[in-house]
> 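This is the structure I want to talk about, given as structure tokens.
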Amino acid sequence: MGLATGRSRLPSCVSHAFLVFAGLFILASIPCEAQLSSSFYDNTCPNALTTIRTAIRTAVSRERRMAASLIRLHFHDCFVQGCDASILLDDSATMQSEKNAPNNNNSVRGYEVIDNVKSRVESICPGVVSCADILAVAARDASVAVRGPTWTLKLGRRDSTTSGLSQAAANLPTFRDGLDRLISLFSTKGLSARDMVALSGSHTIGQARCITFRDRIYDNGTNIDAGFASTRRRRCPVENGNGDDDLAALDLVTPNSFDNNYFKNLIQRKGLLQSDQVLFNGGSTDSIVTEYSKSPSTFSSDFAAAMVKMGDIEPLLGSAGEIRKYCNVIN
């Protein structure tokens, strides 16, 4: 009988084990794509969220308006090159700050609150929690502080090393925007018309400057209640340059509580800004406004869901960007 020729064969169990090992090795060699996670700081800074919440509660208790300002600050950050805390950066020799953008200058506020929160967090977990995540948490906690909805936050954003000043004018909505412009702008950020209406509902709290609603209350249009316009004119003179910075509550009924009165106001033609009233003016979003005016719970749940979606706009993850030590300057 002749000798067998060819390669010797390994026992099947050894062969199977080798294949499993090889497969695991291949999987291990594929880089994991970083993702936002609700448990991101559970091990690296377990007291971060409690520390932020306490600071935000204190800030809002001192000034109720600050709740609206912090929600808006997060919004204006996310709409310009993503949720990366670029809005917090100051001017420098090599950078022009987003704070100088027309839609931010003398309008967006709350920077000092975020700086204070960052200082507190750095004292317990140096170099761990990003300014971008602090903005997201602060917005959520500000909502809760004025009896608004809460939501589960996804964390793990990192901070940009660049400013998006050149993008701000194109990417941020203005008080003069029409409905089509608003829908288009939000759509470019992955947000639906319903998301846009829900997020606009944050105007149930906060205040606006006379310069942003002067034209609306003096143009004698058909989409504004005459009595409402008359009331607003008392604190907003008709002449440009006179009383431009005088403030009026966006929601005249319950200006300090997060509720659905904003939508009831729109139905009564009592939206303060033009960009508010266009949401209920015979257009495609009228039905959403009506729905929210009748169902506070639907508005609250939709607002929370939209805030989560907004927080997902182009975050810096993994090794991108940095974790700033101070929110107003890069490391």
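Note: hydrogens, waters and symmetry copies are ignored here, and every other heavy atom, side chains too, is used. The shown structure was predicted, so the numbers you read here are calculated from the model rather than taken from an experiment.
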> Under 4.5 Å between side-chain heavy atoms, counting indirect links through other Ile/Leu/Val/Met/Phe/Trp/Tyr residues: same cluster for Val137 and Trp151 or not?
yes
> Hydrophobic clustering (ILVMFWY, side-chain heavy atoms < 4.5 Å, transitive) - are Leu179 and Phe213 grouped together?
no
> Would you call Leu155 and Leu49 a side-chain contact if the rule is heavy atoms closer than 4.5 Å?
yes
> Do Ser160 and Leu316 come close enough that some side-chain heavy atom pair is under 4.5 Å?
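Result yes, sub-4.5 Å side-chain heavy-atom pair found.
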> With no hydrogens and no angle check, is any side-chain donor or acceptor of Arg64 less than 3.5 Å from a backbone partner on Asn256?
yes
> Please determine whether side chain to side chain contact (heavy atoms under 4.5 Å, CB included) holds for the pair Met66 and Arg109, giving the CA-CA distance in whole Å, both sets of side-chain angles, and the decisive distance to 0.1 Å.
CA-CA 8 Å; Met66 187 55 66; Arg109 56 199 297 274; 3.9 Å; yes
> Decide yes or no on side chain to side chain contact (heavy atoms under 4.5 Å, CB included) for Asp312 and Leu36, but give the supporting numbers first.
CA-CA 8 Å; Asp312 285 345; Leu36 299 178; 3.5 Å; yes
> Does the side chain of Tyr218 come within less than 4.5 Å of Arg233's, by heavy atoms?
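When only atoms from C-beta onward are counted, Tyr218 and Arg233 do touch, with a gap below 4.5 Å.
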> Nearest 0.5 Å, please: how far is CZ in Arg216 from CZ in Phe175?
13.0 Å
> Taking Gln277 for the side chain and Leu266 for the main chain, is one N or O donor matched with an acceptor at less than 3.5 Å?
yes
> May I have the step-by-step check of side chain to side chain contact (heavy atoms under 4.5 Å, CB included) for His76 and Glu98, ending in yes or no?
CA-CA 10 Å; His76 278 230; Glu98 290 174 29; over 6 Å; no
> Decide, yes or no, whether a salt bridge links Arg214 with Asp244 under the criterion of side-chain N to carboxylate O below 4.0 Å.
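Counted as a salt bridge, because a side-chain N and a carboxylate O are separated by less than 4.0 Å.
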> Step through it carefully: locate the ring centre of Tyr262, locate the ring centre of Phe280, and say whether they are under 6.0 Å apart.
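Tyr262 vs Phe280: aromatic centres not under 6.0 Å.
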> Looking only at heavy atoms, what is the nearest atom pair of Phe258 and Ile205, with distance?
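Heavy-atom minimum between the residues: N-CG2, 3.8 Å.
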> Are any of the side-chain heavy atoms of Thr290 and Ile267 separated by less than 4.5 Å?
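They are in side-chain contact.
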> Atom CZ of Phe40 and atom CG of Asp133: how far apart are they, to the nearest 0.5 Å?
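Going from the CZ atom of Phe40 to the CG atom of Asp133 covers 7.0 Å.
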> Working to the nearest 0.5 Å, report the span between CE of Met307 and CG of Leu153.
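So the CE of Met307 and the CG of Leu153 are separated by 8.5 Å.
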> So if you build clusters from Ile, Leu, Val, Met, Phe, Trp, Tyr with side-chain heavy-atom gaps below 4.5 Å, do Phe228 and Leu250 land together?
yes
> Hydrogens and angles aside, do Asp195 and Ser192 bring a side-chain donor and acceptor to less than 3.5 Å of each other?
yes
> What heavy-atom pair brings Lys118 and Cys131 nearest, and what distance separates the two atoms?
CE-SG, 3.9 Å
> Do side-chain atoms of Asp141 reach the backbone of Ala138 as a donor and acceptor pair under 3.5 angstrom?
no
> Should the heavy atoms of other residues, nucleotides or ligands under 6.0 Å from CG of Asn43 be counted, would the total exceed 12?
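For Asn43, atom CG is not crowded (no more than 12 foreign heavy atoms under 6.0 Å).
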> Check whether Ser119 reaches the backbone of Asn116 with its side chain - one donor and one acceptor, N or O, closer than 3.5 Å.
no
> When clusters are formed by joining ILVMFWY residues with side-chain heavy atoms under 4.5 Å apart, either directly or through shared neighbours, do Ile330 and Leu317 land in the same one?
no
> Donor-acceptor pair, Ser97 side chain versus Leu89 backbone, under 3.5 Å?
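Indeed, once roles are kept as given, a pair shorter than 3.5 Å links the two residues.
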> If we ignore angles and hydrogens, is there a donor and acceptor under 3.5 Å between the side chains of Thr51 and Arg120?
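Result is no, nothing qualifies.
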> Please report the shortest heavy-atom distance between Asn261 and Asp259, naming the atom on each side.
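So the minimum-distance heavy-atom pair works out to N-OD1, 3.0 Å.
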> According to the interplanar angle, ranging from 0 to 90°, do the rings of Phe263 and Phe299 count as parallel (below 30°), tilted (30 to 60°) or perpendicular (above 60°)?
perpendicular
> Look at the side chain of Gln81 and the backbone N and O of Thr162, then say whether any donor-acceptor pair between them is shorter than 3.5 Å.
yes
> Would you indicate whether the side-chain heavy atoms of Arg181 and Ser275 approach each other to under 4.5 Å?
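Sidechains of Arg181 and Ser275: no contact.
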> Is it the case that the side chain of Glu122 and the backbone of Gly127 share a donor-acceptor pair, with hydrogens and angles ignored and the cut-off at 3.5 Å?
yes
> What's the spacing between Ile288 CD1 and Glu291 CD if we round to 0.5 Å?
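Spacing of CD1 (Ile288) from CD (Glu291) equals 7.5 Å.
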> Which is it for Arg324 and Leu88 under the side chain to side chain contact (heavy atoms under 4.5 Å, CB included) test, yes or no, and what are the steps along the way?
CA-CA 11 Å; Arg324 292 185 212 140; Leu88 302 178; 4.1 Å; yes
> Check whether the side chains of Ser130 and Arg157 place a donor and an acceptor atom closer than 3.5 Å, and report yes or no.
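Ser130 vs Arg157: no donor-acceptor pair found between side chains.
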> Determine yes or no for a side-chain-to-main-chain donor-acceptor pair under 3.5 angstrom, with Gln96 supplying the side chain and Leu165 the backbone.
no
> Are Val60 and Phe75 connected into the same hydrophobic cluster when the rule is that any two of I, L, V, M, F, W, Y join if their side-chain heavy atoms are below 4.5 Å apart?
yes
> Over all heavy atoms of both residues, which pair between Leu185 and Asn171 is shortest? Give the atoms and the distance, please.
CD1-O, 3.3 Å
> Taking the side chain as C-beta and beyond, is there a heavy-atom pair between Ile183 and Met196 under 4.5 Å?
yes
> Quick check: do Asn265 and Leu252 have side-chain heavy atoms less than 4.5 Å from each other?
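The answer is no; the side chains never approach within 4.5 Å.
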> Determine whether Ile124 and Cys45 make a side-chain contact, defined as any pair of heavy atoms from C-beta on separated by less than 4.5 Å.
yes
> Keeping the roles fixed (side chain from Ser295, backbone from Tyr292), state whether a donor-acceptor pair exists under 3.5 Å.
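Judged by distance alone, no pair lies under 3.5 Å.
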> Nearest 0.5 Å please: distance from the OH atom of Tyr111 over to the SG atom of Cys327.
12.5 Å
> For the atom pair CG (Leu191) and CG (Leu182), what is the distance rounded to the nearest 0.5 Å?
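Taking CG in Leu191 and CG in Leu182, the distance rounds to 12.0 Å.
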> Could you verify whether a donor N or O on one side chain and an acceptor N or O on the other, from Asp251 and Thr254, lie under 3.5 Å apart?
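Distance-only check passes for Asp251 and Thr254.
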> Any sub-3.5 Å donor-acceptor pair from Thr285's side-chain atoms to Leu279's backbone N or O?
yes
> Going by side-chain contact (heavy atoms from CB on, under 4.5 Å), Arg140 matches just one of Ile52, Thr150, Val308. Which one?
Thr150
> Measure across Ala132 and Asp159 and return the closest heavy-atom pair with its distance rounded to 0.1 Å.
N-OD1, 2.8 Å
> Are a donor atom and an acceptor atom from the side chains of Asp245 and Asn106 found within less than 3.5 Å of each other?
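There is no such pair between these side chains.
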> Looking at every heavy atom in both Pro173 and Phe79, which two are closest together, and how far apart are they?
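Looking at all heavy atoms of both residues, the closest pair is CD-CD2, 4.4 Å.
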> If the test is side-chain contact (heavy atoms from CB on, under 4.5 Å), which one of Asn103, Leu172, Asn104, Ile87 qualifies with Val80?
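Considering Asn103, Leu172, Asn104, Ile87, a side-chain contact (heavy atoms from CB on, under 4.5 Å) with Val80 is found only for Leu172.
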> Under the criterion side-chain hydrogen bond (donor to acceptor under 3.5 Å, both in side chains), which of Asp90, Asp91, Asn105 is the partner of Asn100?
Asp91
> Would you find more than 12 non-hydrogen atoms of other residues, nucleotides or ligands less than 6.0 Å from Lys325 atom NZ?
no
